[in-house]
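As structure tokens, the structure follows; a few thoughts come after it.
Remember, it's 1-based here, ligands and their atoms both numbered in the order they're listed.
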Amino acid sequence: MGKIQKKTGKGRLDKYYHMAKEQGYRARSAFKLVQLNKKYNFLERAKVLIDLCAAPGGWLQVASKMMPVSSLIVGVDLAPIKPLPNVITYVEDITTEKCRATLRSTLKTWKADVVLHDGAPNVGTAWVQDAFTQSELVLQSLKLATEFLNKGGSFVTKVFRSKDYNNLMWVFQQLFKKVEATKPPSSRNVSAEIFVVCRDFLAPKKIDPKFLDPKHVFSEVDTGMISQPMDVFHPEKHKRQREGYEDGNYTLHKTIDAWEFITHQEPIVLLGSINKMSFQSEESKEKLLKSVETTEEIKACCEDLKVLGKKDFKSLLKWRLNIRLQVGLDKKPEPKPAATETVEVTALDDIEAVEEHAAAVAAEESRQERIRRRQKNERVQKNVQRMQLGMIIPTDIGLEQDGPDGQSLFSLTNIQKAGGLKVVRKGDTDIDPEEFNAEMDMGEDIVTGEQDTKAISKRKSKSMVREDIDSLFVTDNAMESDHDGDAELMEELDDMYEQYKERQLERDAKMRAKAKREDKGEWKGFKKNGSGEEDSESEDDALEDDVQQNDDTSDSDSDSDSGADDEDGLPGVYNKKTIKKSSKNPLLVGLDDAEQAELRQKTESGLTKGAKMFFDQDMFKGLVGEDEEDDEDEDEEDEENADDEEEEEEEEEEEEEEDEDEEEDEEVADDVEMDSDEEIRQLSKNRKSLKRKATEAAEGDADDDDIEMVPVSKEFADDELWDGESDEEDSRKRKQINEYSLITAEAMTLAQSLVNKKATKADLIDQGFTKQAFAEKDGLPAWFLEDEKMHNVPNLPITKEAVQVIKDRMKALDARPIKKIAEAKARKKYKAAQKLIKLQKKADAINDTEDISEKQKAIGISKLLAKAGAKSKKPKKEIQLVVAKGSNKGNKGRPKGVKGRYKMVDSRMKKELRSTKRIAKKAKGSNRKK
Ligand SMILES: C[S@@+](CC[C@H](N)C(=O)[O-])C[C@H]1O[C@@H](n2cnc3c(N)ncnc32)[C@H](O)[C@@H]1O
């Protein structure tokens, strides 16, 4: 069991299997312990636990999760158990003395509070030697429990419902105060296993060895009776490795003569209990091997019955029936007068003939009815299963499940009682099928859980259409024999086949539901009042429903109009009758007057709620409203000015920098104006027209849908429609458009085509709707969106002219001095002007002095000018260049013998200076010579 087995059996991959996978349990059986502990709480208080037959470790996982942190948990199994935190595991056979000794050495003087046993005999490699049965294993584990358990401790064991069961229970009761047998919900109903929880160990000083001796406890078992034959049509039981061989089945390999099978009255039971059929007897050789019915395939099937599938068993049973007919064990049935076929009518008079015909028609009708009912049942069953798993949304049910009568098969209107509604909403797996059926008022069987499958299918199979099943089994006349035994056999086969089909159906439904859930995201259940945050699909439906409701209440004429549609019974359309009926239904809550009024209420934006809902659709996202450009440009200018002033202050302090600026051009180039005003206007127009279109569309639709619309008010315009991005993002974009929109050749091409009337606004808007325009971005990873932004952009056309314009603009930009230089120059000009004004004033003052002569005035003013000029031509303080070599190399302080301003330079600099001077001198000399 410790080995990993492929989960291929029918119904293996059930709810608990998936839950175990989800929750990281190694085996679905973990849930059995979870459920047992939930009922009896033996783990929470335990400090020491021994798990006998613990592989792969599901129970150990549960124990370490539930028990106090520093507990001692020991697991033993024949198969190795992958290490688990805080768990000690051993590979031992629990029936051996070595195992006992190992446990003793691990526990030392300690005693266990809980001993668990979930053992099933291994039928792996050494199955022939495997002499221990399940019951013996239980007794063995009990033996260990009695040795290691504390007084008052608990022993939890799995037993099988066999004739040993009562004996085991009796033994348990002798050793424990409380003994209870229970079957946790996670234990399959088809499995004969049951769990016995023995609490309050009495810890008697001396235990009668007979209590723990299998020979005494199971004294009757040795009869070798096969208590539970294998059910060949039952997939769970077919997996014998899992549950172990049936108790009492010591003869693990059994061969019978094929003739025995032919003559046996319970062929299915027989097939389940044997391994092989031989053809040794005289009868077999004479009657079977010589018969044409005994094909090679049949012989091969007889070789090893344990490997056969359902189809093979069916062919074996068919072969048996045919042989029985051949050898005269069964009689060929007299052909029944078929109702629809030509019958001897000579003896019938006219009335009889009519009656006969009527009966035939009635039979045919009832057959059709049965087929319909079966299909209906299957669909209901599928839905209930999906519902139980919480994988279905109400709208799905409404839309998909239209029955043949046009009425929604799983219409919620069928749930007339609040109780039924509760049950459905709960989606509980513990749902009682009977109760649920009653609530559903479907009048038919609904299989709601694995537990009920068998019982219900049995009932159901009675109403099944035999023809279908027969065609799957044997269509031969021989099989239609009304021979009592055969009829029973067929009935049994029918039942089994039905069970099989249901299980398959259930599994398929689960898989489909799972796939659907993965697609959609999980359904969160029914919403109160049908409102709230349903997913978009259901919201749409709700809306549809609402509109329909509005129609109902507000427009009586439309009722009669749409009545025709209703009678058509179109699938997926809510018909009026259904809606009216639904008013009594707790699930289908209609809009009351208050809600309708609320829908009509105007929102702040001036739209009604209905209209607002309409505008909330994706198609209106990204639409820009009226262009109410903020004064960002101005703000920006202000900002820049402020910055400039700051800079100015700083730079005024740096007189030397100003001097350098003198060498720069005097002219300050004007800023190249971005021709963006026109573009903004254009954009604004575009947005207006888009908005107008949207509003018109909305109004048009509103007329159609009877949604009250009001014209879009001015205030509404931008805020309501521009809902794609945040305000910040929005303003950033607008700023970008203002500043840079016409710097690309594409933008220029667009602008030119507009200006030159080569394209209209409408053309541009149309071109704007590319495949990228409505690309859904939700849920996409950021890196992908980045990538898309860079590479998946539409290729806009460009013209040569546009490219030229952009190039010219770039050249102009290049020619422009940089901002700082321009500013410094401007400052210089300003300062010079200020100086001039000051001088002017001083000169005026001299001029206005009356006491002095004109000559003196002139001398005074010229002195003033000379002073001002001398001040501006103040010689620069010389900076001494000190070469960083010799003693000055690496010197960080003032070099020795240097006074005043100095600058450390590289020796090369001085050389270069000298050479420049030399060159200049040479040039002077040569000029003089000329
Ligand atoms: C149903 S599994 C136990 C599953 C386990 N409770 C869990 O939750 O993972 C039964 C185990 O009993 C073990 N087993 C059978 N006979 C055994 C024996 N004589 N000694 C020890 N383990 C045995 C098998 O190896 C098998 O792993």
Side-chain angles (χ1 to χ4, degrees), residues 1-5 7 9 12 16-17 19-21 23-37 42-43 49-67 73-84 87-103 114-145 148 155-160 183-184 186-188 191-197 214 236 239-245 247 252:
M1 246 314 177
K3 281 184 247 150
I4 298 161
Q5 291 182 2
K7 307 274 186 288
R12 294 297 307 272
Y16 292 103
Y17 171 82
M19 271 166 69
K21 271 196 129 185
Q23 296 181 26
Y25 286 127
R26 293 175 179 185
R28 74 181 281 294
S29 60
F31 289 101
K32 294 176 193 169
L33 186 63
V34 170
Q35 285 158 357
L36 287 171
N37 184 58
F42 46 83
L43 290 180
L49 177 140
I50 302 171
D51 185 0
L52 304 169
C53 305
W59 281 27
L60 289 173
Q61 283 178 302
V62 175
S64 83
K65 202 170 165 183
M66 307 270 189
M67 284 169 66
I73 303 169
V74 186
V76 185
D77 199 289
L78 283 174
I81 302 164
K82 267 202 235 160
L84 279 166
V87 174
I88 302 168
T89 57
Y90 295 108
V91 178
E92 295 289 356
D93 181 344
I94 64 159
T95 60
T96 60
E97 180 55 31
K98 193 170 163 245
C99 174
R100 200 193 67 80
T102 312
L103 284 173
V114 177
V115 173
L116 304 175
H117 172 249
D118 185 26
N122 259 5
V123 281
T125 44
W127 62 272
V128 182
Q129 295 92 37
D130 199 340
F132 277 93
T133 65
Q134 170 69 27
S135 306
E136 281 172 311
L137 264 188
V138 173
L139 212 59
Q140 195 61 37
S141 61
L142 177 67
K143 199 172 176 183
L144 287 173
F148 291 103
F155 173 59
V156 179
T157 182
K158 173 164 82 181
V159 293
F160 280 84
K183 191 166 174 71
S186 53
S187 170
R188 295 174 216 273
S191 163
E193 76 180 9
I194 197 165
F195 288 84
V196 182
V197 181
E236 275 75 14
K239 286 264 165 193
R240 288 171 302 281
Q241 276 90 342
R242 189 176 168 278
E243 308 295 358
Y245 271 47
D247 287 357
L252 292 174

At under 4.0 Å between heavy atoms, what of E92 touches ligand 1? The answer is backbone
Any heavy atom of A54 under 4.0 Å from ligand 1? The part involved is backbone
Parallel, tilted or perpendicular, as decided by the 30° and 60° cut-offs, for the rings of W59 and F195: tilted
Checklist entry - Taking side chain as C-beta onward, heavy atoms only, is T96 less than 4.5 Å from T102? => result no
Geometric N/O contact A55 with ligand 1, under 3.5 angstrom
yes
If I apply the N/O under 3.5 Å rule, does G119 come out as touching ligand 1? no
Next on the checklist: If you define the side chain from C-beta out and look only at heavy atoms, does anything of L116 sit under 4.5 Å from F42?
Outcome noted: yes
- Return yes if some donor-acceptor pair links the side-chain N/O of R26 with the main-chain N/O of K82 below 3.5 Å, else return no. yes
In ligand 1, the atoms that come under 4.0 Å of a heavy atom of G58 are 7 (C), 8 (O), 9 (O)
For D118, the atoms of ligand 1 under 4.0 Å from one of its heavy atoms are 1 (C), 2 (S), 3 (C), 4 (C), 5 (C), 6 (N), 10 (C)
Atom 8 (O) of ligand 1: of A20, G75, S29, the nearest heavy atom sits on S29
Does the side chain of L33 reach to within under 4.5 Å of the side chain of L43, using non-hydrogen atoms? yes
With respect to W59, determine whether any N or O atom, backbone or side chain, lies less than 3.5 Å from an N or O atom of ligand 1.
yes
- Message: Any heavy-atom pair between the side chains of V114 and M67 that's under 4.5 Å?
- Response: no
With only distance considered, is D77 within less than 3.5 Å of ligand 1 through an N or O on each side? yes
So for L137 against ligand 1, with non-hydrogen atoms under 4.0 Å, the contacting part is side chain
To atom 15 (C) of ligand 1, the nearest of A120, A27, C99, A30 on a heavy-atom basis is A120
Does K158 reach ligand 1, in the sense of a heavy atom lying below 4.0 Å from it? yes
> Does an N or O from G57, backbone or side chain, lie closer than 3.5 Å to an N or O of ligand 1?
Replying inline: yes
So the atoms of ligand 1 within less than 4.0 Å of a heavy atom of D93 turn out to be 18 (C), 19 (N), 20 (N)
query: Do other residues, nucleotides or ligands put more than 12 heavy atoms under 6.0 Å from the NZ atom of K143?
result: no
> Should D118 and S29 count as side-chain neighbours, where that means a heavy-atom distance under 4.5 Å?
Replying inline: yes
Expected output: side-chain Q134 to main-chain V159 donor-acceptor under 3.5 Å | no
